[in-house]
Amino acid sequence: MYDLAAMGAWLEFAVRWLHVITAIAWIGSSFYFIALDLGLHRDRNLASGADGEEWQVHGGGFYHIQKYLVAPKSMPSDLVWFKWESYATWLSGFALLAVVYYFGAEFYLIDPNVADLATWQAVGLSFGSLVIGWVIYDQLCKSPLGDSPTVLMVLLFIVLVVMAWGYTQVFTGRAALLHLGAFTATIMTANVAHIIIPNQRIVVADLIAGRTPDAKYGKIAKLRSTHNNYLTLPVIFLMLSNHYPLAFASEYNLIIASLVFLMGVTIRHFFNTMHARKGRPWWTWPVTAVIFLIIMWLSTAPLFKADNEQVSAGVARFAEAEGFDHVQDIVLGRCSMCHAAEPVWPGLLWAPKNVRLETSADIAVNAQGIYLQAGISHAMPPSNLTYVEEDERAAIRAWYAAATGGADS
């Protein structure tokens, strides 16, 4: 049977690939239609009765696009609804969350030094926070605050900061920022599934029946769409953050995450204003740059301690498995010069990916990574700079198999 760890790694790669593809489709179409709607020429008396139009050129051809606020004389039978891009992005993202953080909870989700949770507790908090967070946000939007978009946006920002704080109190730094992104993405997709699309269907049905649609449906959908517009860029940052310890492993990751949402607002404000032909608010770029410089400065604060003084029961089995002492000697001799709090390898200022391999607990916590990177592949060390021998890689494989109850491949 093909090694389960390798199968898991390929499954993660496949789901991540799917998630990126669907996210590109969703974000691309979203940004396109926002720019299109803002840029429509509405000062023309169109014979078709359309609200506005725009001419575009792309791919060697010209496109004449018109937007109708009322139903055309005959509703096309092949009307395209842009929804599955959003749904597929969330579904693939949740699948990736499950593959990496739920099935790998002992490695990536739970840090006993933060909160000593059982796997079921951590997974429950993760999933429950996504559901409860959406309910809180949805109720805020449906409250009288929905008539004050600016106040509502400020409250949404406060909710996001509170969620960020909560995640940092129960999960690893990596998982905390990732979950904040998942929470935000859940709001965005739920907006599409439960508000924007249903309201649009009501409007279409009214138009087909010759009734005048209630303006409230368009107003509500517009509010949620605006939120999605400003949340998109922060979500992308948070999803990428798990690859960059300077973002998630800083003592100030809560502040970093909060500032990222402000950057999303300044960047989108520039493009929204430009696409609406209301000028170019260049002031947004220096403001964005200042915010990013503050984030960079905060990221250089001392990283979270990574000595893993306490490990979960699931991880402890790797330190107790046969062959651990030999593997520890290998890792300390071949890897710890880079993967240390203060790397001694020339040119390295911090451990790559913030992975430290200086103690037995460090090695146990990173057992799966060691196995995949140096046991069954030659990814580490890069170019085999520290000359790891084949028998040493075999020892790593044997140790991992002993700990997991599998057969040495």
Side-chain angles (χ1 to χ4, degrees), residues 21-90 141 146-147 149 153 188-233 236 264-265 267-281 284:
I21 292 171
T22 55
I24 290 172
W26 181 21
I27 295 169
S29 63
S30 175
F31 279 6
Y32 171 73
F33 279 105
I34 289 170
L36 175 63
D37 187 66
L38 290 172
L40 286 173
H41 292 280
R42 292 182 168 86
D43 55 348
R44 301 171 182 176
N45 187 18
L46 302 176
S48 62
D51 174 59
E53 69 171 356
E54 186 168 68
W55 283 86
Q56 298 181 357
V57 59
H58 180 73
F62 294 88
Y63 296 81
H64 183 203
I65 303 162
Q66 295 185 331
K67 177 182 178 180
Y68 291 82
L69 293 181
V70 296
K73 293 181 179 180
S74 60
M75 184 65 68
S77 59
D78 56 349
L79 183 63
V80 177
W81 294 78
F82 287 87
K83 58 181 181 178
W84 283 108
E85 295 89 345
S86 173
Y87 302 165
T89 300
W90 190 90
C141 290
D147 296 325
M153 283 287 283
M188 295 171 64
T189 294
N191 275 339
V192 175
H194 297 293
I195 304 297
I196 298 173
I197 293 297
N199 283 14
Q200 187 66 63
R201 289 191 183 280
I202 293 173
V203 171
V204 169
D206 284 342
L207 292 174
I208 293 176
R211 298 187 297 267
T212 301
D214 191 327
K216 72 175 184 180
Y217 295 111
K219 181 180 178 181
I220 293 171
K222 181 66 174 179
L223 176 68
R224 303 299 183 101
S225 180
T226 299
H227 290 171
N228 283 6
N229 179 18
Y230 284 103
L231 291 175
T232 299
L233 295 181
I236 297 174
V265 170
I267 294 172
R268 289 307 303 159
H269 178 69
F270 175 85
F271 285 102
N272 289 343
T273 304
M274 180 181 70
H275 292 146
R277 299 188 180 91
K278 295 181 179 180
R280 289 176 169 81
T284 59

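Owing to the predicted nature of the structure, the values given are computational and were not obtained by experimental measurement. In this chain, residues are counted from 1 in sequence order.
In this view, F82 and F33 satisfy the ring pair (Phe, Tyr, Trp, His ring centres under 6.0 Å) rule, not counting sequence neighbours. Every residue meeting the ring pair (Phe, Tyr, Trp, His ring centres under 6.0 Å) condition with H64, not counting sequence neighbours, appears here in chain and number order: W55. By the ring pair (Phe, Tyr, Trp, His ring centres under 6.0 Å) test, Y230 pairs with no residue at all, sequence neighbours left out. K216 is linked by a side-chain contact (heavy atoms from CB on, under 4.5 Å) to D214, counting only residues two or more places apart in sequence or in another chain. Here Y32 pairs with L36, Q56, I65 under the side-chain contact (heavy atoms from CB on, under 4.5 Å) rule; sequence neighbours left out. Every residue two or more places apart in sequence or in another chain that forms a ring pair (Phe, Tyr, Trp, His ring centres under 6.0 Å) with H269 is listed here: W283.
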Might you work through the side chain to side chain contact (heavy atoms under 4.5 Å, CB included) test for R268 and I34, ending with a clear yes or no?
CA-CA 11 Å; R268 289 307 303 159; I34 289 170; 4.0 Å; yes
Please test F31 against L233 for side chain to side chain contact (heavy atoms under 4.5 Å, CB included), starting from the C-alpha separation and ending with a verdict.
CA-CA 11 Å; F31 279 6; L233 295 181; 4.0 Å; yes
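With rounding to the nearest 0.5 angstrom, the CD1 atom of I196 is 9.5 Å from the CG atom of L223. Rounded to the nearest 0.5 angstrom, H227 NE2 and K222 NZ are separated by 11.5 Å. One distance of note links CG of L46 with CD of E53; it measures 4.5 Å at 0.5 Å rounding.
Between A23 and T89, the closest heavy-atom pair is N-OG1, 3.4 Å. Closest of all the heavy-atom pairs between L40 and G52 is CD2-C, 4.0 Å. Counting all heavy atoms, side chain and backbone alike, R42 lies closest to D37 at NH1-O, 2.9 Å. Counting all heavy atoms, side chain and backbone alike, C141 lies closest to R224 at CB-NH2, 3.3 Å. When all heavy atoms of W26 and S86 are compared, the closest pair comes out as CZ2-OG, 3.3 Å. Here the shortest heavy-atom pairing between N272 and L38 reads O-CD1, 3.4 Å.
Between I236 and I27, some side-chain heavy-atom pair lies under the 4.5 Å cut-off. Counting heavy atoms from C-beta on, the side chains of N229 and S30 never come closer than 4.5 Å. In this structure, V192 and Q200 have side chains that are not in contact, with every pair of non-hydrogen atoms separated by 4.5 Å or more.
Of the possible polar contacts, none joining the H194 side chain to the A190 backbone as a donor-acceptor pair under 3.5 Å is found. Checked by atom type and distance alone, the side chain of N228 pairs as donor or acceptor with a backbone atom of M188 at under 3.5 Å.
A 6.0 Å sphere centred on CG of N45 holds no more than 12 heavy atoms belonging to other residues, nucleotides or ligands.
Taking the six-membered ring for Trp and thresholds of 30 and 60 degrees, W84 and Y87 have ring planes more than 60 degrees apart, a perpendicular arrangement.
The cationic atom of R201 (NZ for Lys, CZ for Arg) does not lie both less than 6.0 Å from the six-membered ring centre of Y217 and within 45° of the ring axis.
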